[in-house]
Q: 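Would you mind keeping the following structure in view while I ask a few things?
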Amino acid sequence: MNSNPDIVGMALIDAFAQRGYRAELTAPGALAVTLRDGTQAQADITEWRHHAGRNARAALPGIAAQYADQAVQAFDRMPAPAPAAAPGGAPGAANDILRAGNLRVRLYPEQALDERMLAALVTRPLAPGLVQAVVQDFPDSMMPLNRADLGGVGENEAFGDALTRSIQDEPHYVEASDMDGVKVVHIGERHRYIGAHAHVLTRYFPGPLPFGALVAFPLPEYVTVHEIGTDQHLVLALKTVQDVAAKLAGSGEKPISPQVYWWRPGEYERMPERDALYGGRVPDLRPVGVQVEQGEQGLNVGLVGDATAELVQGWEAARR
C-alpha cells in the first residue's frame, strides 16, 4: 500500500486555507472549494497536477499560490445571486461572468458526473452517454461553472457564449485520412474543448448529406467524423470508425467514449448558427454500432441498436 503523502494536493489545500477558503480533494483530480456564501465550486485539477508535479518540491507552495490566486480572483468576479433584472434592464454585474471571456464547453462521459454534480453544475446532455459542461478556463487549470454562480445570466446564454468561444477562440485543425479505403476526418487540437465542434459540423460537411455522418468523441482533443456515402459499404465504414474511436479512447488521457453516433442533420442545422448555439438545443446524435465476428461460413454481422438498423435499412433501400 502506498502511504506517500500527497504533497501536491496538500500544497493546494494550504494555499486556499491561507486565503480564507476551505478546499478538499474529492478525487485525485477533483478539488471542491467552499465559497463565502457556503456554496461549493468544483475544479478539475488534473492538468494543474501534471504541471505542478514536474517542479521541485520547494517550488510547490508558489505554484499552488498562483493557482489559488487565480481561483480567488474568479470567485471575486462572480456576481452574488440576485433577483433577475427586469426585461429591458441593464445587464449589470451579472454579466461579469461573460465579460471575463473564459467560458468554454467541455464534453464528459455521462458516468463521470453524479446526480449531485449534474444538479450543481451548468450541464446538459449532448447525446446518450455524453454530457456537456460549461467551464471557466484559466492559464493552468479549468473550473466547472456552478449554476449558483450564474447570477442573472441564463443557462442558454452561458452555453452559447461558451460554445462560441470554444469554437472561435480556441485553435483547431481538420485532417482527413484514409483508413482501409474509408475516409475519416479528425477535428482536433491539444486543448480539451474540441467537442464543441459537434454543434457546427456543417462548417466541415456542408451537405447535402442524404445519409448523415458517423461521429465519435473518443478524447477531449478529437472529434472523428465519416460522411456516409455510397462509395464504401456502410457496415465497413461503421466498423472502421468504431475501431479508430476505440483505439484513440484506449490510448489517451481522460477518454470520453469509443461510442459511434449517427449524426442526422436536420432542424438544428437549418437554424442560423448563432441561434443554434444560443438556443439550448443540440444536434441529433444517435448511438450506432456493429459486431463483426468470423464464423465457420464467413463473417457474421450484428447490428447494435434500433438506430443502427434504421440507418442500414435506409441506406440499403436508397442503393437499390
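In this text the structure is predicted, and so the values were computed from the model without any measurement. All values below come from the heavy atoms of this structure, side chains included, with hydrogens, waters and symmetry mates left out. For this chain, numbers begin at 1 and follow the sequence in order.
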Q: Mind checking side chain to side chain donor-acceptor pair (under 3.5 Å) for Q66 and listing every partner two or more places apart, or none if nothing turns up?
A: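 Side chain to side chain donor-acceptor pair (under 3.5 Å) check on Q66 returns nothing, list empty.
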Q: Spell out, as yes or no, whether a donor-acceptor pair under 3.5 Å connects the side chain of R270 to the backbone of P265.
A: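 Checking the backbone N and O of P265 against the side chain of R270, no donor-acceptor pair under 3.5 Å is found.
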Q: Just wondering, do L214 and L311 contact through their side chains at under 4.5 Å, heavy atoms?
A: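 Touching, per the 4.5 Å side-chain cut-off.
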Q: Is there a side-chain contact between I167 and L277, using heavy atoms and a 4.5 Å cut-off?
A: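 Yes, their side chains come closer than 4.5 Å.
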Q: Does D69 have more than 12 heavy atoms from other residues, nucleotides or ligands lying within 6.0 Å of its CG?
A: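 Correct, the count exceeds 12.
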Q: Would you please test Q40 and E24 for side-chain contact (heavy atoms from CB on, under 4.5 Å) and show each step?
A: CA-CA 10 Å; Q40 280 195 332; E24 60 180 329; 3.6 Å; yes
Q: Excluding sequence neighbours, so at least two apart, what forms side chain to side chain contact (heavy atoms under 4.5 Å, CB included) with T308?
A: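 Side chain to side chain contact (heavy atoms under 4.5 Å, CB included) list for T308, sorted by chain: L238, V288, V290, L303, V312.
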Q: Nearest heavy-atom pair of L25 and I45: which atoms, and what distance?
A: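 Taking L25 first and I45 second, the nearest heavy atoms are CD2-CD1, 3.7 Å.
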Q: Between F205 and V225, is any pair of side-chain heavy atoms under 4.5 Å apart?
A: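 Yes, side chains in contact.
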Q: Parallel, tilted or perpendicular: which one describes the rings of F16 and Y67, with boundaries at 30° and 60°?
A: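 Geometry flag for Y67 against F16: perpendicular rings.
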Q: Which residues pass the ring pair (Phe, Tyr, Trp, His ring centres under 6.0 Å) test with F159, not counting sequence neighbours?
A: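 Partners of F159 under the ring pair (Phe, Tyr, Trp, His ring centres under 6.0 Å) test: none.
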Q: What pairs of residues pass the side-chain hydrogen bond (donor to acceptor under 3.5 Å, both in side chains) test when at least one of them lies in residues 170-181, not counting sequence neighbours?
A: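 Checked against side-chain hydrogen bond (donor to acceptor under 3.5 Å, both in side chains) - neighbours excluded - the pairs reaching residues 170-181 are R104-E170, H172-Y204.
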Q: Who pairs with D284 by salt bridge (Lys or Arg N to Asp or Glu O under 4.0 Å), at least two apart in sequence or on another chain?
A: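 In terms of salt bridge (Lys or Arg N to Asp or Glu O under 4.0 Å), with neighbours along the sequence ignored, D284 is linked to R286.
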Q: Taking side-chain contact (heavy atoms from CB on, under 4.5 Å) as the criterion, tell me which of T224, L201, V260 meets it with V215.
A: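 Option passing the side-chain contact (heavy atoms from CB on, under 4.5 Å) with V215: L201.
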Q: Are the side chains of L107 and V105 in contact, using a 4.5 Å heavy-atom criterion?
A: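 No, every pair of side-chain atoms sits at 4.5 Å or beyond.
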Q: Could you tell me whether E310 and R264 make a salt bridge, using a distance below 4.0 angstrom between a side-chain N and a carboxylate O?
A: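 A salt bridge is present here (some side-chain N lies under 4.0 Å from a carboxylate O).
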Q: Donor-acceptor pair, distance only, cut-off 3.5 Å: does the side chain of Q18 make one with the backbone of A15?
A: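 It does not hold such a pair.
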Q: Among residues two or more places apart or on two chains, list those pairs meeting side-chain hydrogen bond (donor to acceptor under 3.5 Å, both in side chains) that have a residue in residues 230-246.
A: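 Qualifying pairs, neighbours excluded: K239-D243.
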Q: Ignoring hydrogens and angles, tell me if any N or O in the side chain of D114 forms a donor-acceptor pair with the backbone of R116 under 3.5 Å.
A: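 Looks like yes, one N/O pair under 3.5 Å.
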Q: Mind checking what makes salt bridge (Lys or Arg N to Asp or Glu O under 4.0 Å) contact with E273, not counting sequence neighbours?
A: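 Salt bridge (Lys or Arg N to Asp or Glu O under 4.0 Å) check on E273 returns R203.
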Q: So, K183 and E227, do they make that salt bridge, N to O below 4.0 Å?
A: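 No, this pair does not count.
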Q: Can a donor-acceptor pair be found, under 3.5 Å and without considering hydrogens, that links the side chain of H226 to the backbone of V182?
A: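 No, the answer is negative, given that no donor and acceptor are paired below the 3.5 Å cut-off.
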Q: Does the side chain of P128 reach to within under 4.5 Å of the side chain of P287, using non-hydrogen atoms?
A: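 Yes, at least one pair of side-chain atoms sits under 4.5 Å.
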Q: Go through the steps for V223 and V185 under the test side-chain contact (heavy atoms from CB on, under 4.5 Å), then give the verdict.
A: CA-CA 8 Å; V223 174; V185 174; over 6 Å; no
Q: Can you pull out every salt bridge (Lys or Arg N to Asp or Glu O under 4.0 Å) where at least one residue sits in residues 49-64? Sequence neighbours excluded, please.
A: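 Every salt bridge (Lys or Arg N to Asp or Glu O under 4.0 Å) pair that includes a residue of residues 49-64, provided the two are not neighbours, is D6-R49.
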Q: Does atom OH of Y278 have more than 12 heavy-atom neighbours from other groups under 6.0 Å away?
A: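 Yes, enclosed.
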Q: Can you check whether L163 reaches Q132 side chain to side chain, under 4.5 Å on heavy atoms?
A: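 Heavy-atom side-chain distance check passes, below 4.5 Å.
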Q: By the ring-ring contact (aromatic ring centres under 6.0 Å, His included) test, which pairs, at least two apart or in different chains, include something from residues 240-271?
A: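 Sorted pair list: H199-Y268.
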Q: When Ile, Leu, Val, Met, Phe, Trp and Tyr are grouped by side-chain heavy atoms lying under 4.5 Å apart, directly or through other members, which residues fall in the same group as V135?
A: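 V135 shares its hydrophobic cluster with Y108, L113, M117, L118, L121, V131, M142, Y193.
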Q: Surrounding CD of Q111 (heavy atoms of other residues, nucleotides or ligands, distance under 6.0 Å), is the total greater than 12?
A: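 Yes - once you tally the heavy atoms of other residues, nucleotides and ligands closer than 6.0 Å, there are more than 12.
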Q: Can you list every salt bridge (Lys or Arg N to Asp or Glu O under 4.0 Å) pair that touches residues 245-260, not counting sequence neighbours?
A: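 The answer is R192-E253.
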Q: I'd like to check the salt bridge (Lys or Arg N to Asp or Glu O under 4.0 Å) partners of D169; sequence neighbours left out, ordered by chain and number.
A: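 Residues passing salt bridge (Lys or Arg N to Asp or Glu O under 4.0 Å) with D169: R165.
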